There are 2 protein chains.
Amino acid sequence: MGRRSYGQYCALAKTLDLVGERWTLLIVRDLALGPKRYADLLEGLPGIGTSLLATRLKHLEAVGIAARSRLPPPAASTVYTLTTDGVALVHALVPLVAWGAPRLLGRRRRGETFRAEWPLLVLAAGVDREAAARVRDVYEFELDGSFAHLRVDNHDVAVVPGPADRPDVTVRIDVPDFVAIGSGELRIADALADGRLHLDGDPGAIERFFRVFRLGAMIDNG
Amino acid sequence: MGRRSYGQYCALAKTLDLVGERWTLLIVRDLALGPKRYADLLEGLPGIGTSLLATRLKHLEAVGIAARSRLPPPAASTVYTLTTDGVALVHALVPLVAWGAPRLLGRRRRGETFRAEWPLLVLAAGVDREAAARVRDVYEFELDGSFAHLRVDNHDVAVVPGPADRPDVTVRIDVPDFVAIGSGELRIADALADGRLHLDGDPGAIERFFRVFRLGAMIDNG
DNA sequence: CCGGATCCGTAACGATACTG
DNA sequence: CAGTATCGTTACGGATCCGG
């Protein structure tokens with residue numbers, strides 16, 4: 001019949017009633033990267049059953065986390081997006097990610113899928129919108145051989161899969177080192193010095209990059 | 001065989017591999033209230049199967065989130081506690097709770113279990129340890145008719161179920177109003193003015209309460 | 001009585017096939 | 001492309017049983 005519920009008057013239990021089932025939060029993560037078609041989601045979530053994805057999407061739409069839009073011709077396809085509540089939910093996941101990353105991520109194992117845009121979501125969530133005013137830059141990342149970029153456009157940030165066209169800054173680093181910087185175990189200055197982090201671009205753009213994503217504190221103190 | 005995994009090199013997916021299964025995070029929540037016996041946990045999680053609880057506890061212990069201690073006689077029983085990683089995980093859940101509370105909690109429905117200590121965990125997580133130095137107070141809460149209290153003792157806070165012995169401050173409020181204050185929709189000053197919030201105790205203790213739990217901003221601006 | 005383990009029916013999930 | 005239908009497998013829920 002109905003959905004399984006914990007039956008508790010507790011915000012955590014209610015939240016888990018809503019989004020605690022298998023795959024739900026990973027769907028939300030992928031929608032955080034922008035509008036996705038059903039097939040895009042399926043491809044990014046290997047192992048999910050097609051019918052389960054349909055069920056989850058219907059539920060996310062019903063509870064106001066996702067929305068389904070029908071693009072006009074010639075695109076003529078359905079896409080799913082996050083509502084503002086959905087975007088807020090993504091922000092609420094960042095501390096959970098910050099908890100798990102240094103403890104669980106380790107080195108990549110054979111068979112594990114990876115997309116450079118996943119780690120970038122954390123950066124994008126930490127954007128300083130004031131500092132991003134009138135900034136119009138593209139920062140490209142190569143993480144473990146996979147490319148994605150951040151597009152900053154006057155207060156707004158988008159995470160985009162794949163290499164950038166003509167990036168203002170390019171960043172190359174391993175995921176474990178990226179995580180170590182994020183958790184304060186590794187200073188950016190040290191990572192640059194021993195070649196674990198490569199940063200290219202004009203100094204002005206690099207300085208904007210640090211400012212917009214609040215990385216100042218990570219440069220030389222933990 | 002083994003546990004089900006998403007097989008993704010992503011901190012969110014790894015975190016959910018670890019603690020995303022049914023009941024796991026609610027067990028963590030209850031352990032955040034202090035050492036619990038197996039039977040205590042069973043009672044606080046109506047609907048969980050006894051064998052599932054045992055499985056979850058074994059897993060939480062194996063991954064370093066919980067620990068099992070054997071109390072010496074005459075208490076002679078086993079208790080489960082959180083490790084420091086487990087406590088960190090509880091802190092990482094607070095934004096998720098802050099997301100869900102104003103959106104999902106609503107009014108309490110028939111049959112929903114409730115414990116006043118659950119909302120207090122959020123307050124306790126937000127303690128200002130500096131401000132709590134040399135403070136030694138007990139703040140009692142009556143939320144929807146259920147009692148619990150916060151025990152501040154020189155930098156440390158504990159959430160304790162039930163009424164307090166001789167509280168320095170007593171607080172009485174409905175859960176929806178408590179949530180509205182936490183989310184900034186309701187100002188403490190307004191809630192006091194129209195009788196939705198009752199605060200008793202000597203002015204010095206009340207002022208320490210506000211300071212220790214960083215409630216200053218909620219008094220008269222959102 | 002506490003701390004589980006065992007067993008079994010039901011619900012959720014995963015994989016594949018199929019359809020508008 | 002965007003799903004639905006079906007079916008085998010796994011996970012969960014409830015009850016009972018068992019050892020210290």
Side-chain angles (χ1 to χ4, degrees), chain A residues 1-8 13 16-27 30-31 34-62 66-81 111 113, chain B residues 1-8 13 16-28 30-31 35-62 66-81 111 113:
Chain A
M1 321 286 186
R3 295 170 55 78
R4 206 178 255 180
S5 161
Y6 291 112
Q8 296 187 350
L16 293 174
D17 278 343
L18 209 72
V19 298
E21 292 171 285
R22 193 160 167 76
W23 295 108
T24 304
L25 287 176
L26 296 189
I27 295 170
D30 281 1
L31 291 180
K36 296 275 182 214
R37 292 171 303 171
Y38 186 86
D40 299 333
L41 291 166
L42 261 187
E43 190 209 338
L45 301 168
I48 196 175
T50 67
S51 97
L52 187 57
L53 176 57
T55 303
R56 292 287 184 271
L57 286 171
K58 235 171 289 187
H59 177 243
L60 286 173
E61 192 188 354
R68 160 207 295 243
S69 326
R70 196 161 283 281
L71 293 185
S77 80
T78 350
V79 293
Y80 293 90
T81 57
T113 67
Chain B
M1 320 285 186
R3 295 169 53 77
R4 205 178 255 179
S5 161
Y6 291 112
Q8 297 187 349
L16 294 173
D17 279 344
L18 210 72
V19 298
E21 291 171 286
R22 192 159 168 78
W23 294 109
T24 304
L25 286 175
L26 296 188
I27 295 170
V28 169
D30 281 1
L31 291 179
K36 297 275 181 213
R37 293 171 304 172
Y38 185 86
D40 299 332
L41 291 167
L42 260 189
E43 190 209 338
L45 301 168
I48 195 173
T50 67
S51 106
L52 188 57
L53 176 57
T55 303
R56 292 286 185 272
L57 286 170
K58 234 171 292 186
H59 176 242
L60 286 172
E61 191 188 355
R68 160 207 296 245
S69 324
R70 198 160 283 281
L71 293 185
S77 80
T78 358
V79 293
Y80 294 89
T81 57
T113 66

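Source: prediction; values computed, not measured. So that the names make sense, note that chain A is the first sequence line, chain B the second, and so on, each numbered from 1.
Distance Tyr6(B) OH to dT10(D) C1': 14 Å, rounded to the nearest Å. The interatomic distance linking Leu71(B) (CG) with dC2(C) (P) rounds to 14 Å, in whole Å. Taking atom CG on Asp40(A) and atom P on dA2(D), their separation rounds to 7 Å, with Å as the unit. In this structure, Asp17(A) atom CG and dA12(C) atom P are separated by 12 Å, rounded to whole Å. If you take CG of Leu42(A) and C1' of dG3(D), they are 9 Å apart, rounded to a whole angstrom. Following rounding to the nearest Å, Arg3(B) (CZ) and dT10(D) (C1') show an atom-to-atom distance of 13 Å. Distance, Leu53(A) CG to dT16(C) C1': 16 Å, rounded to whole Å. Arg68(B) has its CZ atom 9 Å from the C1' atom of dG3(C), to the nearest Å.
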- Message: Protein within reach of the bases, or only the backbone? For nucleotides 13-20 of chain D, mark each nucleotide 5' to 3' as B, S or -, using heavy atoms under 4.0 Å.
- Response: SSB-----
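Distances were taken from every side-chain heavy atom of Ala39(B) (C-beta onward) to each of dG3(C), dG4(C), dA2(D); the shortest belongs to dG3(C). Checked against dG4(C), dC13(C), dC1(D), the side chain of Arg56(A) finds its nearest nucleotide in dC13(C).
The closest side-chain heavy-atom distance from Leu16(A) to Leu26(B) is below 4.5 Å. The shortest side-chain heavy-atom distance between Ser77(A) and Arg70(A) does not fall under the 4.5 Å cut-off. The shortest distance between side-chain heavy atoms of Thr81(B) and Leu31(B) does not fall below 4.5 Å. Residues Thr24(B) and Leu18(B) form no side-chain contact, since every pair of their non-hydrogen atoms from C-beta on lies 4.5 Å or further apart.
Between Tyr80(B) and dG4(C), a side-chain N or O to OP1/OP2 separation shorter than 4.0 Å is present. Listed pair Lys36(B) / dG3(C) fails the phosphate criterion, with no side-chain N or O lying under 4.0 Å from OP1 or OP2.
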- Check against side chain to side chain contact (heavy atoms under 4.5 Å, CB included), Ile48(B) and Leu42(B): CA-CA 7 Å; Ile48(B) 195 173; Leu42(B) 260 189; 3.8 Å; yes
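Glu21(B) and Arg22(A) are not joined by a salt bridge, as no carboxylate oxygen comes within less than 4.0 angstrom of a charged side-chain nitrogen.
For Tyr38(B), there are no side chain to side chain donor-acceptor pair (under 3.5 Å) partners, not counting sequence neighbours.
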